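Numbered from 1 within each chain, the chains take letters A, B, ... in sequence-line order. Because the structure is predicted, anything quoted here is derived from the model rather than measured.
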Protein chains: 2
Amino acid sequence: MPHLAFPNSCDGFRCETHCSVRSLAICGQLNESEHQEFERLAQHVRFGPKEALFSEDEMVDSVYSLTEGIARLYKLLPDGRRQIIGFALPGDFLGMAPSNRYSFSADAIGPLTVCKFFRGPFMRFIENRPQMLMRMNEFATRELGLAQDQMLLLGRRSAEEKVAAFLVGWRERLARLEGMTKTVTLPMGRQDIADFLGLTIETVSRTFTKLEREKLIVIVPDGVRVLDSKRFDALAAA
Amino acid sequence: MPHLAFPNSCDGFRCETHCSVRSLAICGQLNESEHQEFERLAQHVRFGPKEALFSEDEMVDSVYSLTEGIARLYKLLPDGRRQIIGFALPGDFLGMAPSNRYSFSADAIGPLTVCKFFRGPFMRFIENRPQMLMRMNEFATRELGLAQDQMLLLGRRSAEEKVAAFLVGWRERLARLEGMTKTVTLPMGRQDIADFLGLTIETVSRTFTKLEREKLIVIVPDGVRVLDSKRFDALAAA
DNA sequence: CGCCTGGTTGACTAATGTCAAATTGGGTGG
DNA sequence: CCACCCAATTTGACATTAGTCAACCAGGCG
C-alpha cells in the first residue's frame, strides 16, 4: 500500500493539538489563541485513493492544508493528455488560484487527510494578519521556485536526467518530513512519474531499468534504493 | 529595434506621477501618501539591451518593478543549455526568491527601466501593510498559474502547438497593455522563443514557416500578423 | 559594397513515442 | 496454502518527431 506512514492524529472534527505537520504548514506560526480561532474555521476531511479534492475549472469554494498522504496535481488537455504539475505532501497548501476557478485538478494518491477551509472565512481570517500573509507569500514563492525548476527539467533535460533529477528532488522533499534515507519511497505509479516528467510510461520504465543496470539504483517494491549518491546527484544536476 | 513603445516617463531619480503602468504594478493600490513614502524607497534605473538585472545564485539585494521594456528570465544548466522561464512586461514584479539567492537570471531584451527597491526597506514597508501583502500574493499566484500552464505546454504539447500557444498567450499579455491587435509584436528573437518552448531555433523557424504556409499567420518584421484567429486559438488550446 | 547577425532551409540522425506482447506481484477465493 | 486474476510494469520491434550539422539567405550598417 503506497502511502507515507504518519500517525493518524485527527479523527474528529477538531484537532487542535496533534497535527504532525503543523510546524511545516500554513498555520505553523500562529500562537495558541490564534490557532484555536483558525481551527474553528477548519474541517478535517479524509479522502480515499483516487478521490478528487477538486477539479480544474470548478469554482473555488475551499482551500486545503494537507495533513497526511499525498496528492497528485494535474492539468489535462482536451484530448486527454495529462501533465502532473506537482505532488503535494503533508504541510502543503492547495487551492489558491489566479481566478475564481481552480487552475488544476487535485486527487488523492493513497488515503489522505486535509484541513479544509471555506474560502470566504479563510480570506477574512488572513486579510488583517500580516504574519499569515507573509507565510502565504513564502509558500507561493517556494511553489513558484519548484515550478521554475520543473520548467527547466521539462524543456531542457534528457529522459535519463529527468528521472534522476526527479528521484533526487523527491528524496529531498521526503527528507524534510521523514529525514534522509537511502530508500526513496515512491507512492505514485510509473504513469504518474511519466506525466510529471513529460515522458511516456515506457520511457520511464526503461530509464529505471537502465539506472539499475548502471548500478546507480536498485528497484524495490514501492520505491528505489540509491546506491551511488554522488554519481546520482551529478546526473541530476547535469 | 524590437521593443514596446511606451512613453519614456521617468527621466530622473524620482518619478511620483507619470508611471504608465502604475495601475498594473505592485504599487497600484497604494493611496497618494503611501505611494509617496513608497517612492522614497525606489530608484528608477535603466538598462540597455542584453544588460543583466541580476543573475541566478547572486545574493538577493533588490527587488524590481518593471516599468518599461521587456526582460528575459531564465535558468541555465552547467553545460549551457538554457530554459527561459518567462518574459517580464511592464507592471511585472521581479526578484522574490525562495532563498536568499535569486533562483533565475534576468536581463533586458531591449532598453528597459525598472523601479528598484532594496530588499530590507521594501520588506519593512510591506510587512505591516496587509493590502500590499495581498497584492504580492495575487502577483505570485498569477505567476504560478502561468508557470503551470507552461509546464503543460513543455511536457505535453507538440512543436506546432507550442508555437501557436505561445503566440496566443503573448498576444493576450500584450493586450493587457496595448489593447488587442491583429499584429503581434515579438521583441524577442527566435532563439529566445526556442528556449522558452523547449525547442531548437530550427524547429521554431520551421514551425513559423509552416504556420505561414497554412495561412494561419503572416510573418512580418518584429512579429506576426494573425490571419485566422479562430483556427489559431483552436490549435493553441488543443 | 560587402560584412555580420539573425533567420531559414535541407539532409540526415538520434531520442523518444507507439503498439503489442510478455512478465511480475499482490490480492482473492477456493 | 495454493491457484488464479488483474493491474501495473517491463520489454521488444518499429515509427515519428524533433534535433544536429551545414549551407544558404536577407536586411541593416559601417
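Mapping B/Phe208 and A/Leu199 onto DNA chain C by nearest heavy atom places B/Phe208 closer to the 5' end of the strand. Across the interface with DNA chain C, nearest-nucleotide mapping of A/Pro221 and A/Arg157 shows A/Arg157 to be the residue nearer the 5′ end. Annotation: of the two residues near DNA chain D, A/Ile219 and A/Arg156, the 5′-most nearest-nucleotide partner is A/Ile219.
Relative to the side chain of B/Glu202, the nucleotides D/dC21, C/dT8, D/dG19 differ in distance, and D/dC21 lies closest. Distance from the side chain of B/Ile201 is smallest to C/dG7 among D/dT10, D/dA18, C/dG7. The side chain of A/Lys50 lies closest to D/dA8, out of D/dT9, D/dA8, D/dA18.
B/Leu211 places its CG atom 12 Å from the P atom of C/dT8, with the value rounded to the nearest Å.
Between the side chains of A/Thr200 and A/Arg206, no donor-acceptor pair is found at a separation under 3.5 Å.
Regarding contacts with the backbone of C/dT16, every side-chain N or O of A/Arg206 stays at 4.0 angstrom or more from both OP1 and OP2. Between A/Thr203 and C/dG17 there is a side-chain N or O to OP1 or OP2 distance below 4.0 Å.
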With side chain to side chain donor-acceptor pair (under 3.5 Å) as the test, would you mind laying out the steps for A/Arg225 and A/Thr183 before giving the verdict? CA-CA 4 Å; A/Arg225 178 174 293 264; A/Thr183 302; 2.9 Å; yes
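To the nearest 0.5 Å, atoms CG (A/Leu235) and CZ (A/Arg157) are separated by 8.5 Å.
Backbone-only engagement by A/Thr209 is indicated by non-hydrogen atom pairs under 4.0 Å involving sugar-phosphate atoms exclusively.
For the salt bridge (Lys or Arg N to Asp or Glu O under 4.0 Å) test, residues two or more places apart in sequence or in another chain that qualify with B/Asp228 are B/Arg231.
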